[in-house]
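Computation of the quantities below employed the complete heavy-atom set of this structure, encompassing side-chain atoms and omitting hydrogens, waters and symmetry-equivalent molecules. In this text, all values refer to a predicted model and were calculated from it rather than measured experimentally.
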Amino acid sequence: MPSRKFADGEVVRGRWPGSSLYYEVEILSHDSTSQLYTVKYKDGTELELKENDIKPLTSFRQRKSGSTSSSPSRRRGNRSRSRSRSPGRRPPKDARRSASASHQADIKEARREVEVKLTPLVLEKFNLLQESSYISTQYSLRPRREEIRLKEMDSKEEKFVTKELAVRTFEVTPIRAKDLEFGGVPGVLLIMFGLPVFLFLLLLMCKQKDPSLLNFPPPLPALYELWETRVFGVCLLWFLIQALFYLLPIGKVVEGTPLIDGRRLKYRLNGFYAFILTSAIIGTCLFQGVEFHYVYRHFLQFTLAATVFCVVLSVYLYMRSLKVPRKDLSPASSGNAVYDFFIGRELNPRIGTFDLKYFCELRPGLIGWEAVLTTMDIIHDGFGFMLAFGDLVWVPFIYSFQAFYLVSHPNEVSWPMASLMIVLKLCGYVIFRGANSQKNAFRKNPSDPKLAHLKTIHTSTGKNLLVSGWWGFVRHPNYLGDLIMALAWSLPCGFNHILPYFYVVYFTMLLVHREARDEYQCKKKYGVAWEKYCQRVPYRIFPYIY
């Protein structure tokens, strides 16, 4: 087994992937199998580097130029002598050559300092521009031709480093196989094939006279009973109507969070208007005598139609993602075809101004949820089978599961108990809405005067963490509100069977996974600042599971 060169805890220089720039890093661990070092940059970023991308600190110190022109004291002496000359006197040719060489050495020295001192943040390029500007002002008495040539040289240096920074910014590091969520490729295959089957079994169980676990599995219907072309047409009509409402020029237009290339996509917020228009259409249909029990009688067929539509959409999303630039890919994409089909490769697939992910998140399955532009679904996850199935199949058919159950198994609820359920639902909604609105407002504009009363912790990435308000009571208070609402929706079904509480059980599992993922990413991204936040707010919705 090859021996390792660097020890844990050692401070060295690590090359940033995709560039030739080195930064000060700390060795965290070493993988003897892959021979990769896990290192941590000053801004808290953790990456894996090969051994030949790491150099000891002494190798950089030895590179310091021995030229007298790079000495700070010698440069100060040169400046004092240049000031004693007459401004109109032309310096000798050798002096001009010496000054030019000295200036080039200064630029190289400044660039070397930037290479070892910069942290991998795009904003650091301004430090280089300030350094170059400072150096050029030290030699302002040269002839104009010399000044022009030196300015051009400065400009080339600035463009070079800016290009290097751009390369770093657009670099997308593939996710390693051991870091894939949901159990990697085997896990996502099980989810993609298992969830639709499990959903149909749940719905079939609801139709049973005694939907207990002792009667599982339920009798399966014939395949032709699950498909009807007319039902599929109704699904398409619903999708197109909501797409039309989405495109209406009403509602304000806002900008999303900055993308990796600095762009900010624009979104039209008109979900509330879409909800009003949809309610008006349904109310008109009821007034005209349209019988909506058709939806209940064909519920299984609607489920299959939505699943087929979801699969077709997912194939389209994956195929189009193969042609998009690398900068448009999701940070969660891995390079594995199966996993990327599930998790989604493209971050923001759009047809013109029509944002497919944003639309499916908010309209066909869940209308009106607007504070979503700063959530993980929008800023991190790509749009693939996972979100498409969740938005178009799982949410509309599982979140309405209790109503579907009560049609076949009605349950009498007293007024006091009904009032208690309503209060519980409202409490959950207040917590959920308040926490999400506070987080969304803070992410959009941390300096908003309305948020001035909130306390924060500054992080090494330049961002701040909320430590008061809703986020000062418990970590992830929005998940707490979500879980309370899920329980309130299930209580009207009574306690005769556990089946209607599947929504609560599933939601708990989902939030456990999300909270663990959020905690891991925050710990990795914010480092010490996150540890301080955890000390200040030690309470979590669920116990530690990692």
I'd like to check E181 versus Y339 (side-chain heavy atoms, cut-off strictly below 4.5 Å). Are they in contact? yes

Heavy-atom distance under 4.5 Å between the side chains of P492 and M421, does that happen here? yes

So that I can tick it off, tell me whether D328 and R263 are bridged by a salt bridge, with the cut-off set at under 4.0 angstrom between side-chain N and carboxylate O. yes

Is the distance between the ring centroids of F299 and F397 less than 6.0 Å? yes

If you take all heavy atoms of H409 and K209, which pair is closest and at what distance? NE2-O, 3.5 Å

Kindly compute the distance separating CG (L226) from OG1 (T303), expressed to the nearest 0.5 Å. 9.0 Å

Any donor and acceptor pair, going by atom type alone, linking the side chain of K357 with main-chain N or O of E346 inside 3.5 Å? no

Identify each donor-acceptor pair in which a side-chain atom of residues 495-508 lies under 3.5 Å from a protein atom, sequence neighbours left out, and give them as a table.
unit_1: Y501; atom_1: OH; unit_2: G494; atom_2: O; d: 2.9
unit_1: Y506; atom_1: OH; unit_2: W394; atom_2: NE1; d: 3.1
unit_1: T508; atom_1: OG1; unit_2: V504; atom_2: O; d: 2.8

Should F341 and L317 count as side-chain neighbours, where that means a heavy-atom distance under 4.5 Å? no

Got a second to check how far L203's CG is from F198's CZ, nearest 0.5 Å? 10.5 Å

T456 and its side-chain contact (heavy atoms from CB on, under 4.5 Å) partner, picked from L465, L466, L451: L466

Looking at CD of E225 and CG of L304, how far apart are the two atoms once the value is rounded to the nearest 0.5 Å? 12.5 Å

Checking F200 now: which residues fulfil ring-ring contact (aromatic ring centres under 6.0 Å, His included) with it, not counting sequence neighbours? none

Looking only at heavy atoms, what is the nearest atom pair of R264 and P258, with distance? CG-CA, 3.8 Å

Of the non-hydrogen atoms in Q242 and A274, which two are nearest, and what is the gap between them? OE1-CB, 4.3 Å

Does H453 use its side chain to pair, donor to acceptor, with the backbone of K450 at less than 3.5 Å? yes

All heavy atoms of F245 vs all of N270, minimum pair found to be O-ND2, 3.4 Å

Hey, is OH on Y296 packed in by over 12 heavy atoms from elsewhere, all under 6.0 Å? yes

For W489 and F401, what are the C-alpha separation, side-chain angles and deciding distance, and is it a ring-ring contact (aromatic ring centres under 6.0 Å, His included)? CA-CA 10 Å; W489 280 119; F401 188 68; over 10 Å; no

Would you tell me whether S330 and D381 have side-chain atoms, one donor and one acceptor, within less than 3.5 Å of each other? no

Mark yes when over 12 heavy atoms from residues, nucleotides or ligands other than Y294 sit less than 6.0 Å from its OH; otherwise mark no. yes

Side chains of S490 and Y405: donor-acceptor distance under 3.5 Å anywhere? no

Just wondering, do W471 and Y533 contact through their side chains at under 4.5 Å, heavy atoms? yes

Should we count CZ of R230 as having more than 12 external heavy atoms under 6.0 Å? no

Close side-chain approach of V295 and V234, heavy atoms under 4.5 Å: no

Report yes or no: does K252 contribute a side-chain atom to a donor-acceptor pair with the main-chain N or O of L269 at less than 3.5 Å? no

Centre of F383's six-membered ring, under 6.0 Å away, within 45 degrees of the axis: is that where NZ or CZ of R350 sits? no

Ring geometry between H298 and F302 (parallel below 30°, tilted from 30 to 60°, perpendicular above 60°): perpendicular

Intermediate values then yes/no, side-chain contact (heavy atoms from CB on, under 4.5 Å), L392 and L313: CA-CA 10 Å; L392 304 177; L313 177 61; 3.9 Å; yes

For atom CZ of F292, is the number of surrounding heavy atoms from other residues, nucleotides or ligands below 6.0 Å larger than 12? yes

With side-chain contact (heavy atoms from CB on, under 4.5 Å) as the test, would you mind laying out the steps for R345 and L322 before giving the verdict? CA-CA 8 Å; R345 292 188 79 244; L322 299 177; 3.8 Å; yes

Do L373 and Y358 come close enough that some side-chain heavy atom pair is under 4.5 Å? yes

Tell me whether the centres of the aromatic rings in F239 and F359 are closer together than 6.0 Å. yes

Just so I know, are the side chains of I351 and R320 near enough to count as touching, which here means a heavy-atom distance under 4.5 Å? yes

Does a side-chain heavy-atom distance below 4.5 Å link W470 with N478? no

Above 12 or not: heavy atoms from other molecules or residues under 6.0 Å from NZ of K532? no

Can you see which heavy atom on R475 is nearest to which on P538, and at what distance? NH2-O, 3.2 Å

Taken to the nearest 0.5 Å, the spacing of C427 SG from F432 CZ works out to 15.0 Å

So NZ of K425 and CE of M485: to nearest 0.5 Å the spacing works out to 4.5 Å

Is the backbone N or O of D391 less than 3.5 Å from a side-chain atom of E361, with the two atoms forming a donor-acceptor pair by type? no

Does the side-chain contact (heavy atoms from CB on, under 4.5 Å) test come out yes or no for I191 and M386, once each step is laid out? CA-CA 9 Å; I191 292 174; M386 180 184 73; over 6 Å; no

For R268 and Y246, work out which heavy atoms get closest and say how close. CD-O, 4.5 Å

Go through it in stages, so that I can follow the logic: the residues are R443 and T257, the test is side-chain contact (heavy atoms from CB on, under 4.5 Å), and I'd like the CA-CA distance, side-chain angles, deciding distance and then a yes or no. CA-CA 8 Å; R443 285 181 174 178; T257 57; 5.8 Å; no

